[in-house]
There are 2 protein chains.
Amino acid sequence: MPVPLYQAKAEFFRMLGHPVRIRVLELLQTGPTPVRELLADIEIEPSSLSQQLGQLRRAGLVTATREGSTVVYALAGADVADLLRAARRILTELIQDQGVLLAELRASD
Amino acid sequence: MPVPLYQAKAEFFRMLGHPVRIRVLELLQTGPTPVRELLADIEIEPSSLSQQLGQLRRAGLVTATREGSTVVYALAGADVADLLRAARRILTELIQDQGVLLAELRASD
DNA sequence: TCCTTAGTTGCAAATGTCTTCAAGTCGCCG
DNA sequence: CGGCGACTTGAAGACATTTGCAACTAAGGA
């Protein structure tokens with residue numbers, strides 16, 4: 001008996017539901033990136049970033065490879081990139097709409 | 001200064017990151033639905049469902065309207081439906097791929 | 001070999017989220 | 001009005017996630 005689909009979905013979304021993880025995934029969209037660079041872009045303690053990277057790794061969304069003294073992360077597959085692009089597009093629209101909605105709500109008091 | 005986009009995204013995904021909320025949203029995709037019916041499809045305590053519905057409401061993803069003695073929920077906008085469709089499609093693929101991957105991993109031990 | 005830099009891991013404290021139970025509101029029927 | 005069914009709300013306890021410090025490993029130098 002497999003994990004119900006709705007539960008797999010929920011887990012997946014939960015994995016995306018953290019600011020640091022989202023930022024990492026978006027940074028990786030531009031190509032494989034060493035930890036050092038992620039660390040420079042996201043202000044956070046190294047150990048904390050490592051924990052989040054660990055989660056993404058265990059979820060199979062990213063891969064890590066050691067290159068000399070640095071570790072380089074990359075998106076695990078094209079699917080992941082596709083999903084992120086779609087999510088990004090739709091969400092950007094959605095949030096803009098919500099912004100408009102909010103503005104209307106404020107205007108009508 | 002607005003909420004950073006990546007944080008809004010994270011919040012949004014977190015909202016989708018719960019099995020009950022996902023199921024509710026998917027049930028609502030087929031049209032406005034009374035609580036009674038959600039309750040029949042999702043096995044859960046009424047008060048627990050209410051809590052989750054409350055979150056979806058506060059997040060602006062669904063709307064509630066009272067009709068006589070029952071309350072009917074609906075998706076808040078076409079955007080939400082779009083996003084769910086896209087998420088559903090991409091995720092279904094992704095999960096199938098992961099399944100394949102898993103099978104391969106198991107086969108190669 | 002010893003030191004330093006780059007990351008990761010183990011934990012415990014702080015925070016956040018879920019579930020549940022008890023109590024409350026809103027319609028409706030008798 | 002009084003009571004019942006359909007939901008919602010508040011609050012507490014259980015449970016999960018996040019953070020930060022300290023200890024640890026791996027790779028290069030000096």
Side-chain angles (χ1 to χ4, degrees), chain A residues 3-4 6-28 32-76, chain B residues 3-4 6-28 32-76:
Chain A
V3 175
Y6 59 81
Q7 192 174 323
K9 286 187 192 176
E11 275 166 29
F12 182 81
F13 284 127
R14 192 145 36 67
M15 185 55 54
L16 299 183
H18 187 288
V20 168
R21 292 193 295 264
I22 282 280
R23 293 186 77 185
V24 166
L25 291 173
E26 299 210 324
L27 288 169
L28 294 187
T33 311
V35 172
R36 177 176 16 83
E37 217 167 293
L38 297 174
L39 216 38
D41 287 343
I42 309 173
E43 75 163 31
I44 187 184
E45 297 251 329
S47 74
S48 199
L49 177 59
S50 245
Q51 298 282 5
Q52 305 302 334
L53 289 174
Q55 290 196 42
L56 291 171
R57 236 163 39 224
R58 268 171 262 122
L61 296 185
V62 305
T63 59
T65 39
R66 175 143 226 146
E67 294 194 359
S69 73
T70 82
V71 177
V72 176
Y73 278 82
L75 294 184
Chain B
V3 176
Y6 59 82
Q7 193 175 323
K9 286 188 191 175
E11 275 166 29
F12 181 82
F13 284 127
R14 193 142 36 67
M15 185 55 54
L16 299 183
H18 188 287
V20 168
R21 292 194 294 264
I22 283 278
R23 293 186 77 183
V24 166
L25 291 174
E26 298 209 327
L27 288 169
L28 294 187
T33 311
V35 172
R36 176 176 17 81
E37 217 167 295
L38 297 175
L39 216 38
D41 287 342
I42 309 172
E43 73 162 31
I44 189 184
E45 299 249 329
S47 72
S48 198
L49 178 59
S50 244
Q51 297 282 4
Q52 304 302 336
L53 289 173
Q55 290 196 44
L56 291 171
R57 236 163 39 224
R58 269 173 262 123
L61 297 185
V62 305
T63 58
T65 39
R66 174 144 228 145
E67 293 193 2
S69 72
T70 82
V71 176
V72 175
Y73 277 84
L75 293 183

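The chains referred to below are lettered A, B, ... by the order of the sequence lines, with proteins before strands, and numbering in each begins at 1. Computed from a prediction, not measured in an experiment: that's the story for all the values here.
Residues A/L27 and A/I42 are in side-chain contact: their nearest non-hydrogen atoms beyond the backbone lie under 4.5 Å apart. For the pair B/V35 and B/T70, the minimum side-chain heavy-atom distance is 4.5 Å or more. Side-chain atoms of B/I22 and A/F13, non-hydrogen and from C-beta on, do get closer than 4.5 Å to each other.
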* Structure fact -> Once base and sugar-phosphate atoms are separated, protein heavy atoms under 4.0 Å mark nucleotides 23-30 of chain D, 5' to 3', with B, S and - as ----SS--
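With sequence neighbours left out, the side-chain hydrogen bond (donor to acceptor under 3.5 Å, both in side chains) criterion links A/R14 to no other residue. Applying the salt bridge (charged side-chain N to carboxylate O under 4.0 Å, His left out) rule to B/E26 yields the partners A/K9, B/R88; only residues at least two apart in sequence or on another chain are considered.
Note: B/Q51 CD to B/H18 NE2 = 10.5 Å, rounded to the nearest 0.5 Å. Once rounded to the nearest 0.5 Å, the distance linking CG of B/L16 with CZ of A/F12 reads 11.0 Å. Between atom CG of residue B/L28 and atom CG of residue B/L56 there is a gap of 8.0 Å, rounded to the nearest 0.5 Å.
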* To do: List the steps, then state whether side-chain contact (heavy atoms from CB on, under 4.5 Å) holds for B/Y73 with B/V24.
  => CA-CA 9 Å; B/Y73 277 84; B/V24 166; 6.0 Å; no
* Would you please test B/L38 and B/I44 for side-chain contact (heavy atoms from CB on, under 4.5 Å) and show each step? => CA-CA 10 Å; B/L38 297 175; B/I44 189 184; over 6 Å; no
* Apply the test side-chain contact (heavy atoms from CB on, under 4.5 Å) to residues A/T33 and A/D41: give CA-CA distance (whole Å), side-chain angles for both, the deciding distance (0.1 Å), then the verdict. => CA-CA 11 Å; A/T33 311; A/D41 287 343; over 6 Å; no
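In terms of heavy atoms, A/A76 sits closest to A/G60 at CB-O, 3.2 Å.
Put simply, the side chain of B/R21 gets close to the backbone of B/M15: a donor and an acceptor are under 3.5 Å apart.
Proximity of residues 46-56 of chain A to DNA chain D (heavy atom under 4.0 angstrom from any strand atom) is restricted to A/S47, A/S48, A/Q51, A/Q52, A/Q55. Within residues 18-28 of chain B, the residues having any heavy atom closer than 4.0 Å to DNA chain C are, in order of number, B/H18, B/R21.
For B/Y73, no side-chain nitrogen or oxygen approaches OP1 or OP2 of D/dA6 to under 4.0 Å.
Across the protein-nucleic acid pair, A/R14 atom CZ and D/dC15 atom C1' stand 12 Å apart, rounded to whole Å. Per the geometry, CD1 belonging to A/I44 stands 13 Å off P belonging to D/dC21, to the nearest Å.
You can see that DNA chain C meets the heavy atoms of chain B within a 4.0 Å-exclusive cut from C/dT17 to C/dC28, reading 5' to 3'.
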